[in-house]
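A short worksheet on the structure shown next.
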Amino acid sequence: MKLNKRERAHPEVEKILLFCIQSKPNLKACVAFRVSPSSSSLIQFRVLLRAMRASWADLAANSAAAAENATSRPVYVPPHLRNRPPPAEAPAPASASNAGSRWGAPRNKEFRGRSSGGGSGGWDRPEVNPFGDEKEGADAEEAFNEQENTGINFDAYEDIPVETSGENVPPAVNTFAEIDLGEALNQNIRRCKYVRPTPVQRHAIPISLGGRDLMACAQTGSGKTAAFCFPIISGIMRGQPLQRPSRGVRAVYPLALVLSPTRELSIQIHEEARKFSYQTGVRVVVAYGGAPINQQVRDLERGVDILVATPGRLVDLLERSRVSLQMIRYLALDEADRMLDMGFEPQIRKIVEQMDMPPPGVRQTMLFSATFPKEIQRLASDFLSNYIFLAVGRVGSSTDLIVQRVEYVQESDKRSHLMDLLHAQRANGVQGKQALTLVFVETKKGADALEYWLCRNAFPATTIHGDRTQQERELALKSFKSGNTPILVATDVAARGLDIPHVAHVINFDLPNDIDDYVHRIGRTGRAGKKGLATAFFNDSNASLARSLADLMQEANQEIPDWLLRYASRSSFSSGRNRRSGGGRFGGRDFRREGSFSRGGSDYYSTGNNSGGYGASSGYAGGYGTGVTSAWD
DNA sequence: AAAAAAG
């Protein structure tokens, strides 16, 4: 079937595709055309109806159901007590000895398919199983997705050094069984096929369960999302019943807020968190820009415990008084260094400091990232109270799994060079599918142009960047993940956090200006303990990155071309902001441990974040030379 | 100088 229409996103095309979905249940894909943004020619592409069918059916069901019951919940009921018959007397307190477990995890029977008639809580419909246990007809695509997808390669995470600082750091655990997360959550952990906690989870979860604030640096792809989700979900389940404020009738009162820098990352965190909270009664809602706000408001009104959001949309919701942060007990910033850099900091300050969120010390705050420059650590300490700093990683650890290559390529040769790489990559295909290749470029225009050029040269490519509609962005990501379009051209919107299985190759077609961005970009491959390849095109315009790139590669035991070392030594005098200072033997360093000589000591300690305790560390800062880089500071 | 995040 061919759709000779102009644009995929055009409403008329939407209608036609929707018609196909509804009238041809067995139709899996169709071909459509759209006009290239950079020329007037038509680009042919396949539309995966199967994927769209699922999401649209969901959408339709949601809006229909939301319309029919828009009831609001008057009283807070702790999640583990929801969906039970109305109790004759007050439920037993958590400490009561009821059959060994104080969790009272609901049994499946009374849980599934129960439409809340008289319950005080109220789920409007059965919870969708996010694990998709009941499969309806596996096809080739699912086989591709499931292949090798047996969870995380935990062996890759043994013996990774860890640095913690702060007062009274709780000891790490070695198994999930040691942690009292509750039966429902444990079951979800099993469903996720997580056998053992990753290092960051081993350390971060006890710290968070202990009620402590946390600043955590851990390699890309090492399980940070679960590290902050588990304690939040567990803590909410454990929580005492609270009366939520009733003034401001329209507002909802989430108990936890998770912020992330891009919409797709928020979507991903939401999907993860929904898996972890399945059948725990903890409700997770996501809110982000570029999508209709009304649907998100309806989702919120159906009840929210954990709100995952991007900053802009959240500010919008706060200003409309649809959301109040008054009841926030947990605040998590993913990619925290990004969230606190120049572009985002004012918005984050507004959300965290100038709305009605409880202050540090009252709420619990967790910051996670793979990179944490010291300037950002200083900013971040405003949001924290007596926090523990955690760095997980060993020299070259995450990057051990990633083979890094740098090639000298003139600007004008980049395309033909890329084509060589892609041809080589074709041979590495799995089951007739080309291995996934993620190509980073510097600009949105450049992304469109490269996508067009690749398509014209018979490479199935798509692109994701901020000038595309949200629908196009999500479709591009979906098409890439499914292997249908095995080449994705991306700006930095895709640099952080996105977990895309089977990315075999990250190509830095244009290198970023900041080495931290490079770390995050290449971290899209080599995830969950699997190997990956990263290739960078370097030329004169990247000279300012040479030093930090060479240092990073050296730390990761990578082969460094001589010409790059020459660039590095040439640029060594330019004290660019790219140079990492004071790296350590491994991992990031707590900025509080940097010798107080450099900035008049009391600066740090006056915030009340810590009361001494670092006296013994004064010799530490001097022990490590300048210019030693680390992927995790 | 660019990207991202509200519409």
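Labels below follow one simple rule: chain letters A, B, ... track the order of the sequence lines, proteins then strands, and each chain is numbered from 1.
Put simply, CZ on A:Arg320 is 9 Å from P on B:dG7, counting in whole angstrom units. Note: CD1 (A:Ile348) to P (B:dA4) measures 17 Å, nearest angstrom. Atom NE2 of A:His465 and atom P of B:dA2 are 15 Å apart (whole Å). Atom pair A:Lys444:NZ and B:dA5:P shows a separation of 9 Å (rounding to whole Å applied). If you take CD1 of A:Ile293 and C1' of B:dA5, they are 13 Å apart, rounded to a whole angstrom. Atom OH in A:Tyr518 sits roughly 24 Å away from atom P in B:dA2 (whole-Å rounding). Rounded to a whole Å, the CD atom of A:Gln295 is 18 Å from the C1' atom of B:dG7. The nearest whole Å value for the distance from the CG atom in A:Leu333 to the P atom in B:dA4 is 20 Å.
Note on A:Gly466: only backbone sugar-phosphate atoms sit closer than 4.0 angstrom, heavy atoms only; bases stay farther off.
Side-chain N/O atoms of A:Asp499 and A:Gln268 include no donor and acceptor closer than 3.5 Å.
Neither OP1 nor OP2 of B:dA3 sits under 4.0 Å from any side-chain N or O of A:Arg263. A:Thr310 has no side-chain polar atom (N or O) that falls below the 4.0 Å cut-off from OP1 or OP2 of B:dA4.
Here A:Arg521 pairs with A:Glu442, A:Asp492 under the salt bridge (charged side-chain N to carboxylate O under 4.0 Å, His left out) rule; sequence neighbours left out.
Of the possible polar contacts, none joining the A:Thr525 side chain to the A:Val506 backbone as a donor-acceptor pair under 3.5 Å is found.
For residues 258-273 of chain A, the set of pairs meeting the salt bridge (charged side-chain N to carboxylate O under 4.0 Å, His left out) definition, not counting sequence neighbours, comprises A:Glu264-A:Arg473.
The side chain of A:Arg473 has B:dA5 as its nearest neighbour among B:dA1, B:dA5, B:dA3.
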